[in-house]
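Each chain gets a letter, A, B and so on, in the order the sequences are listed, and its residues count up from 1.
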Amino acid sequence: MRQNKKIKFDEDGEIKEISGRIKTSRYGSFASKSKSTRRDYNHDSKQSSRREDKVVSHKPKTVRLDSEDDQNSDDDENHKLSRSDYLKMQMKARTLLVDRKKLPIYKAKNRLIPRIISSKVSIVIGETGSGKSTQVPQFLMKKVNGGIAVTQPRRVAAINLATRVAEEYGCPLGHEVGYSVRFSNVTSKKTKLRYLTDGMLLREMMLDPMMSKYSTIIVDEAHERTILTDLILGFLKGLILGKRKDDSDFRVIVMSATLDAEKFSQFFENAPIYYIEGRLFPVKRLYLQRSADDIIDDMVKAIIQVNQGERTGDILCFLPGQEDIDKVTSLLEKLAPELPKDAPLMVPLPLYAALPPHQQMKVFEKVKPRQRKVILSTNIAETSVTVPGIRYVIDSGLRKVKVWRHELGLSTLLTVPISKASAAQRTGRAGREAPGKCFRLYREKDYLKLCENTEPEILRSEIVSPVLMLKRLNVDDILGWYWIESPGKESLFSALRQLYSLNALSDSGSITSLGQKMVVLPVAPHLASVLIQAKEYGVLDPVVDIVSCLSVDNLLLTPSSEKRDEINIKRRDTCTLGSRYGDLLMLKELYDIYNGFSDVGECKHWCREIGVSYRGFRNVLRIRKQIASYMENIGGRSTHSQSDINDDIDDIDYSKPVDPSLILKSFLKGFITNSAIGMPDRSYRTVTTGDTISIHPSSLLFGKKVDAILYIEHVYTMKGYARNVSAIELEWLQEVAPHLLGSRISIQND
DNA sequence: CTGCATAAA
């Protein structure tokens with residue numbers, strides 16, 4: 001194995017040397033299998049490059065994404081069409097029809113649609129590019145009475161599909177075809193076909209369990225098996241067997257991209273399965289001949305090899321997390337200019353969710369000729385972000401996954417091998433526009449050992465919120481419910497216990513009026529209970545601010561290692577309450593400062609300096625508005641609210657000092673079990689199990705010693721960490737939960 | 001004493 005020898009350059013760390021040797025060993029480390037993942041359909045046709053769900057390439061058209069208000073365009077007078085506009089749309093629709101007719105699904109239309117209409121449940125398997133998400137709903141529009149709902153796991157997908165289908169149909173978005181996602185409802189009375197997120201449909205179910213406005217519900221991307229999709233499937237089964245059993249004008253269609261349709265079919269009592277071919281180009285798969293030892297090193301080597309050995313086309317690399325991505329990015333930045341000039345200059349581009357939006361957008365920008373984009377991505381590029389122009393995929397075969405341990409009451413973040421289905425999905429990313437190649441940084445025999453499918457989310461998550469939803473729909477027998485996959489007795493009981501201790505469930509196990517309020521709030525039940533408690537303490541306003549901050553992911557950016565200390569110091573200097581009381585109060589302070597800016601430029605500058613997301617805070621404002629209005633709706637006004645003095649809820653008196661102890665006590669009410677007591681040896685022990693827990697380095701309280709702490713999240717990585725930590729007093733614990741103490745106090749006295 | 005994958009209401 002002469003070639004194999006050449007790839008073993010781990011011993012010398014000299015970077016230049018590596019590049020020199022790689023040049024001669026053209027994919028020596030890969031065993032070519034020359035198998036294509038998917039069959040190849042008419043890729044000689046030019047038009048075939050249009051794909052069903054080029055989610056991101058449609059982005060410029062999705063103006064609505066940033067629309068601020070949640071206005072329902074119910075007023076038909078609002079969008080009177082001029083005759084010429086209407087004709088233009090019809091013309092456009094007619095030209096689009098030419099392309100539509102080339103989609104694989106078009107051929108099956110006449111056989112498929114009547115069968116779907118006449119059966120209660122159908123399973124439609126359509127691989128990427130089949131056109132199922134855009135075409136099946138349109139075909140049904142003309143044939144069925146009542147509304148059609150199509151659910152999507154992601155907002156952008158719902159918006160882009162609706163935008164596309166409205167064009168094809170020839171109507172303005174929001175007329176016959178519309179969409180409904182959080183903060184943006186573009187539908188009207190005449191809307192017949194509605195694309196919505198899973199979460200949106202579930203909300204509708206909470207409000208109208210009969211789903212009376214729909215005759216047809218299409219659950220798309222069911223193979224992803226998100227918690228929300230699983231819940232929808234269970235509820236729909238209940239509907240079909242229950243209240244809408246005899247409704248001949250009600251049907252469910254489950255759409256999936258992978259071949260594991262049997263499970264869905266069995267779940268729905270052997271519903272018929274229909275297969276529609278996809279339209280991906282062939283992708284050649286190549287495996288590493290040895291097993292990878294250092295994934296970062298192997299990734300860098302493979303990237304350089306592909307860049308020097310392969311023709312034009314961008315490279316997409318899958319790595320488990322931010323840390324690996326940043327390392328590879330900076331290595332490539334140093335290496336790229338030094339490499340032989342006969343290969344394109346590599347432009348490394350990181351891609352992960354925590355990246356600020358403007359940096360994420362860079363993957364869509366064009367590079368100069370003789371340059372090649374190398375995108376280093378987490379799983380985000382597997383489904384959520386589609387980058388055009390990718391011809392080569394390099395797959396580490398790894399991903400990070402959060403696993404909830406109900407028996408320990410904490411979650412762990414693990415790096416694990418992906419499934420075969422996931423490997424296929426990653427591979428397919430190279431075949432969207434032309435034939436491609438996928439370099440897998442693992443051996444074929446390791447590939448064969450992978451699980452067929454990724455474990456459904458519901459099996460490894462905390463399910464407090466799902467169980468509360470079931471209770472809202474009056475499900476008595478939680479264990480025997482229509483779980484497509486049951487999370488298990490232990491996990492269910494743990495959720496029931498937590499809901500009970502939050503007073504969301506009564507002694508008999510049915511939902512309480514408090515639980516009814518909690519289920520409609522767009523936050524986890526624990527936080528919902530905090531909000532309700534805050535109202536009683538008269539600190540609703542500041543707590544809504546803080547909860548809104550907690551609802552936005554990546555509001556606090558994780559700074560690069562060089563800037564880390566600098567930003568931490570800045571945060572401590574800026575937030576006096578935060579330094580004393582912890583991260584919850586810090587969020588409140590940051591929020592107030594953010595709102596104090598009159599100049600946008602200054603505000604953005606400040607955000608960068610202190611390591612927070614400008615866009616994130618804009619989302620905080622939207623969420624704050626939504627939560628505040630829900631809180632108004634569910635309970636009337638509280639008797640001794642601070643805002644009594646101010647009648648206008650939008651006009652908060654910032655001069656009034658907030659009371660940190662009442663704020664923190666509100667949080668303690670929802671997170672009693674997430675508290676720990678300081679030990680003499682500077683460690684902390686949880687009140688529930690007595691396990692040691694450390695304050696996460698991202699916390700303002702990191703390195704501080706306080707009597708007791710309250711934390712929003714407990715994660716186990718290298719060790720047990722408390723994330724988002726606040727300082728509390730021992731008396732508060734005794735006040736709120738005396739039963740949890742006692743034994744722990746004695747440890748401290750020892 | 002030192003660091004989180006993704007998505008949704």
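For A:Leu527 and B:dA8, the CG to C1' distance is 15 Å, given to the nearest whole Å. Straight-line distance from the CD atom of A:Glu457 to the P atom of B:dA8: 11 Å, rounded to whole Å. Across the protein-nucleic acid pair, A:Ile227 atom CD1 and B:dA7 atom P stand 15 Å apart, rounded to whole Å. Note: CG (A:Asp681) to C1' (B:dC1) measures 12 Å, nearest angstrom. Residue A:His714 contributes atom NE2, which lies 15 Å from atom P of B:dG3 at whole-angstrom precision. Spacing between atom CD of A:Glu224 and atom C1' of B:dA8 amounts to 13 Å, rounded to whole angstrom units. Rounded to an integer number of Å, the gap from A:Leu556 CG to B:dG3 P is 18 Å. The nearest whole Å value for the distance from the CG atom in A:Leu231 to the C1' atom in B:dA7 is 14 Å.
A:Gln322 comes within 4.0 angstrom of the backbone, heavy atoms only, and of no base. Nucleic acid contact class of A:Glu204 (heavy atoms, under 4.0 Å, all strands): none. Nucleic acid contact class of A:Gly703 (heavy atoms, under 4.0 Å, all strands): base. Across all strands, A:Lys719 comes closer than 4.0 Å only to sugar-phosphate atoms, never to a base (heavy-atom distances). Among the heavy atoms of the strands, none lies under 4.0 Å from A:Val520. Using a 4.0 Å heavy-atom distance criterion, A:Arg564 is classed as a base contact.
A salt bridge does not link A:Arg685 to A:Asp691: none of the charged side-chain nitrogens sits closer than 4.0 Å to a carboxylate oxygen. For the pair A:Asp208 and A:Lys213, the salt-bridge criterion is not met [side-chain N within less than 4.0 Å of a carboxylate O]. A salt bridge links A:Arg194 with A:Glu204: at least one charged nitrogen is closer than 4.0 Å to a carboxylate oxygen.
The listed nucleotides are B:dC4, B:dC1, B:dA8; the one nearest the side chain of A:Arg155 is B:dA8. In the set B:dC1, B:dT6, B:dA8, B:dA8 carries the atom at the smallest distance from any side-chain atom of A:Arg154. In the set B:dA7, B:dG3, B:dA8, the nucleotide with an atom closest to the side chain of A:His696 is B:dG3. Considering only the side chain of A:Leu228, B:dA8 comes nearest among B:dA8, B:dA5, B:dA9. Counting only heavy atoms from C-beta on, A:Ser698 has its side chain closest to B:dG3 among B:dG3, B:dA9, B:dA7. Nearest to the side-chain atoms of A:Asp553 among the listed nucleotides B:dA8, B:dT2, B:dT6 stands B:dA8. Closest to the side chain of A:Asn568, from the set B:dG3, B:dA7, B:dA9, is B:dG3. With distances taken from any side-chain atom of A:Arg182 to the nucleotides B:dA9, B:dT2, B:dT6, the minimum falls on B:dA9.
For the OP1/OP2 pair of B:dA9 and a distance below 4.0 Å, the side-chain nitrogens and oxygens of A:Gln626 include no atom meeting the criterion. In terms of phosphate contacts, A:Ser465 brings no side-chain nitrogen or oxygen within less than 4.0 Å of OP1 or OP2 of B:dA9. Proximity of A:Thr717 to the phosphate of B:dC4: a side-chain N or O atom is located under 4.0 Å from OP1 or OP2. Residue A:Thr197 has no polar side-chain atom (N or O) positioned under 4.0 Å from OP1 or OP2 of B:dA8. Proximity of A:Tyr352 to the phosphate of B:dT6: no side-chain N or O atom is located under 4.0 Å from OP1 or OP2.
For CD of A:Glu323, the number of neighbouring non-hydrogen atoms (other residues, nucleotides, ligands) closer than 6.0 Å is 12 at most.
With hydrogens and angles ignored, a donor-acceptor pair closer than 3.5 Å exists between the side chain of A:Arg723 and the base of B:dC4.
Each of A:Arg203 and A:Lys400 was assigned the nucleotide of DNA chain B with the nearest heavy atom; the assignment lying further toward the 5' end belongs to A:Lys400. Between A:Glu323 and A:Pro697, the residue anchored nearer the 5' end of DNA chain B, judged by the nucleotide with its closest heavy atom, is A:Pro697.
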Step by step, work out the side-chain hydrogen bond (donor to acceptor under 3.5 Å, both in side chains) result for A:Tyr179 and A:Asn185. CA-CA 6 Å; A:Tyr179 69 84; A:Asn185 181 1; over 6 Å; no

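Among all heavy-atom pairs drawn from A:Thr329 and A:Ile325, the shortest one is OG1-O, 2.6 Å.
When the side-chain contact (heavy atoms from CB on, under 4.5 Å) test is applied to A:Asn379, the partners found at least two apart in sequence or on another chain are A:Glu382, A:Arg399, A:Arg426.
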